[in-house]
> 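Before we start, here is the structure in question, set down as structure tokens.
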Protein chains: 2
Amino acid sequence: MSVTQQRKGRERAAREELILEHGRRLLLREGFQNLNLDELARSIEYSKGTIYLHVETKEDLALAIATGALKERADLFERASKFTGLTRERMRAVGFACCQFAIVHRDYFNIEMMLRSQSFWEKASEERRRQHGLQAGRLFHIVSSIATEAIRAGDLAPEVRTQDVALSLIAITMGSHIASMQPDIQMLCGLTDPFAAVAAVRRNQDLICDGWSWKPLLKEFDYTATDKRIKTEIFPEATWYTAS
Amino acid sequence: MSVTQQRKGRERAAREELILEHGRRLLLREGFQNLNLDELARSIEYSKGTIYLHVETKEDLALAIATGALKERADLFERASKFTGLTRERMRAVGFACCQFAIVHRDYFNIEMMLRSQSFWEKASEERRRQHGLQAGRLFHIVSSIATEAIRAGDLAPEVRTQDVALSLIAITMGSHIASMQPDIQMLCGLTDPFAAVAAVRRNQDLICDGWSWKPLLKEFDYTATDKRIKTEIFPEATWYTAS
DNA sequence: ACATTTATTGACTCTAAGTCATAATTACGT
DNA sequence: ACGTAATTATGACTTAGAGTCAATAAATGT
């Protein structure tokens with residue numbers, strides 16, 4: 001490949017980054033439905049045609065942005081999974097990371113929700129779908145490999161299937177976030193602020209772990225010190241974090 | 001009110017029913033994005049203008065359809081909650097009802113997902129939002145009142161807050177359904193058919209109940225007989241049900 | 001300097017939601 | 001039965017915005 005081609009490749013990548021960056025801002029502000037590609041074109045100071053040199057459809061663009069967010073989350077999970085301690089403490093650190101992500105990037109959940117409609121995926125490109133699957137797989141792997149170690153350490157029963165553990169934890173986290181975002185349910189449960197919602201998510205994660213008899217159970221161990229360590233060791237930069 | 005006005009009211013209601021019925025069919029087949037009101041108008045043999053005499057926006061129409069589905073579900077929950085037995089058996093019957101609904105109305109979950117985007121609700125009418133909240137409240141109430149009875153019966157610890165129990169169960173059910181519908185996760189977890197997915201949902205519900213120490217725990221009691229009774233007593237018409 | 005290839009553009013097409021002036025129908029008093 | 005007023009139904013029209021592509025501009029190579 002010539003020097004010229006290399007430079008062009010860099011320029012292309014830089015512009016794709018520009019599109020995704022501005023796209024993310026607009027997508028978060030307006031939601032998928034109200035995201036306007038004419039406005040995005042104006043924002044990046046290129047024409048709409050140029051955007052379509054980088055994405056096949058509006059859905060394709062949105063999926064690329066969502067995958068970026070997912071990658072950021074998976075990176076945070078990876079950091080959290082390196083926490084030193086009992087297996088359940090490490091799992092707790094990952095759960096913590098998930099909630100941190102939800103607090104810092106509050107609006108990203110609207111983006112996640114957009115991915116749940118079938119027609120969305122049909123209109124995104126094969127390659128972008130693959131990229132998303134890759135990041136989702138990373139996330140799944142982090143959770144299930146902690147479960148594997150838990151079995152090895154004797155903290156989880158050996159007959160437990162790690163993919164079932166991962167599924168249950170992913171489900172409770174996703175479900176809790178979605179449920180505690182619905183105004184109806186917020187009212188019925190008395191979830192007055194985002195921190196109450198996050199507390200509910202973490203409580204539900206504990207329920208699932210206790211359900212699997214993941215040792216030590218919540219009532220057998222004081223996780224207060226763990227939580228403090230997680231905060232200082234995994235999220236030292238977290239001046240934005242206020243509630244327990 | 002005159003006799004004429006009464007008749008007109010009936011006619012209006014009948015046509016609204018017609019619109020919702022055909023709308024549901026199209027919405028299930030095409031998804032929200034691809035639901036075309038010109039096509040719907042053709043299908044009901046009225047003009048598009050007439051549709052707009054009944055709904056404010058396309059979102060409003062879709063919400064009305066979704067609320068209809070939610071009501072059907074709440075009705076099924078109500079029936080299940082009348083199951084006679086221990087409190088956890090009754091809760092199990094409700095969980096069962098939820099999974100039955102998911103199997104029979106497999107596509108309804110796509111409709112549910114459509115409700116998770118913020119911009120959707122903004123475009124639906126106040127009244128339709130209220131109606132949906134009403135049905136959601138019914139559902140929540142059924143679950144939390146079984147929890148209340150469980151506390152009274154000593155099956156749940158008295159310090160447990162029933163709304164937290166309801167939230168956790170709603171979250172795990174919703175989350176499990178969503179997670180087990182995502183192709184990536186299906187592959188990672190080896191969920192090959194819809195029955196495997198439903199089995200995962202029910203297993204996760206058990207985990208949450210065990211997490212709350214809802215007596216009798218899964219390992220302390222044989223729920224096989226309960227499941228058989230639920231099938232025959234609550235779903236006698238269920239010839240469509242094949243897996244355990 | 002010129003030819004050729006590559007990149008960029010924005011006016012245009014097309015689809016579909018939502019509107020509203022007009023037409024058709026119905027209600028009702030005489 | 002008739003005429004008039006009120007109600008109801010219509011579909012051509014407006015508008016918004018995604019996606020296209022022929023024309024234009026810029027870059028590259030000789």
Side-chain angles (χ1 to χ4, degrees), chain A residues 1-19 22-23 26-27 29-65 114 117 119-125 128, chain B residues 1-19 22-23 26-27 29-65 114 117 119-125 128:
Chain A
M1 189 193 282
S2 77
V3 180
T4 302
Q5 279 172 315
Q6 283 180 16
R7 197 200 68 221
K8 289 208 173 176
R10 276 201 313 277
E11 283 173 358
R12 193 189 146 80
R15 199 170 49 192
E16 185 141 330
E17 198 44 57
L18 182 75
I19 292 171
H22 284 244
L26 290 175
L27 186 60
R29 203 180 68 197
E30 308 285 347
F32 178 71
Q33 195 76 238
N34 295 25
L35 169 62
N36 183 325
L37 293 196
D38 286 301
E39 188 184 347
L40 176 58
R42 232 174 297 128
S43 162
I44 60 173
E45 296 182 306
Y46 278 99
S47 75
K48 192 156 63 161
T50 301
I51 293 175
Y52 277 94
L53 293 174
H54 291 266
V55 300
E56 283 183 15
T57 60
K58 185 174 151 180
E59 282 82 0
D60 201 32
L61 168 66
L63 180 56
I65 293 165
M114 149 190 103
S117 94
S119 64
F120 186 90
W121 290 87
E122 290 167 1
K123 289 174 187 158
S125 70
R128 287 254 151 72
Chain B
M1 191 194 279
S2 78
V3 179
T4 301
Q5 280 173 313
Q6 283 181 16
R7 196 201 69 222
K8 290 209 174 175
R10 277 200 312 276
E11 283 172 358
R12 194 189 146 80
R15 199 172 47 196
E16 184 140 333
E17 198 45 56
L18 182 74
I19 292 171
H22 285 244
L26 289 174
L27 186 60
R29 202 180 69 197
E30 309 285 346
F32 179 70
Q33 196 76 237
N34 295 25
L35 169 61
N36 182 325
L37 294 196
D38 285 302
E39 188 184 348
L40 176 57
R42 232 174 297 128
S43 161
I44 61 172
E45 297 182 305
Y46 279 99
S47 73
K48 189 156 66 162
T50 302
I51 293 175
Y52 279 95
L53 294 174
H54 291 266
V55 301
E56 284 182 15
T57 60
K58 184 175 152 178
E59 282 81 1
D60 201 33
L61 168 66
L63 181 56
I65 293 166
M114 144 191 109
S117 93
S119 63
F120 186 92
W121 291 88
E122 289 167 1
K123 288 173 187 159
S125 70
R128 288 253 151 72

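Convention: sequence-line order gives letters A, B, ...; per-chain numbering from 1.
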> Using atom types as modelled and distance alone, determine if a side-chain donor or acceptor of A:T57 lies under 3.5 Å from a backbone N or O of A:K123.
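Judged by distance alone, yes, a pair lies under 3.5 Å.
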> Using 0.5 Å steps for rounding, measure from the CZ atom of A:R128 to the CD atom of A:E59.
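These two atoms lie 12.5 Å from each other.
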> Would you indicate what B:R7 reaches in the nucleic acid, counting non-hydrogen atoms under 4.0 angstrom: base, sugar-phosphate, or nothing?
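B:R7: backbone/sugar contact only, no base atoms under 4.0 Å.
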> What's the spacing between A:H22 NE2 and A:I65 CD1 if we round to 0.5 Å?
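Answer rounded to 0.5 Å: 11.5 Å.
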> Output one letter per nucleotide in nucleotides 5-18 of chain D: B when a protein non-hydrogen atom lies under 4.0 Å from the base, S when only the sugar-phosphate is that close, - when neither is.
--SSSBB-----SB
> Which heavy atom of B:L35 sits nearest to which heavy atom of B:K58, and what is that distance?
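Looking at all heavy atoms of both residues, the closest pair is O-NZ, 2.8 Å.
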> Would you call B:R7 and B:E11 a salt bridge, using N to O less than 4.0 angstrom?
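Between B:E11 and B:R7 there is a salt bridge, with a charged N closer than 4.0 Å to a carboxylate O.
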> Look up atom CG in A:L37 and atom OH in A:Y52, then write down how far apart they are to the nearest 0.5 Å.
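The OH atom of A:Y52 is 4.5 Å from CG of A:L37, to the nearest 0.5 Å.
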> Between which nucleotides of DNA chain C, 5' to 3', does chain A make heavy-atom contacts below 4.0 Å?
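The contacted stretch runs from C:dT6 to C:dG10.
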> Has the side chain of A:D60 got a donor or acceptor atom that lies under 3.5 Å from a matching backbone atom of A:V55?
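No; zero donor-acceptor contacts below 3.5 Å.
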> Are A:H54 and A:R12 packed together at the side-chain level, in the sense that at least one heavy-atom pair is separated by less than 4.5 angstrom?
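A:H54 reaches A:R12 side chain to side chain.
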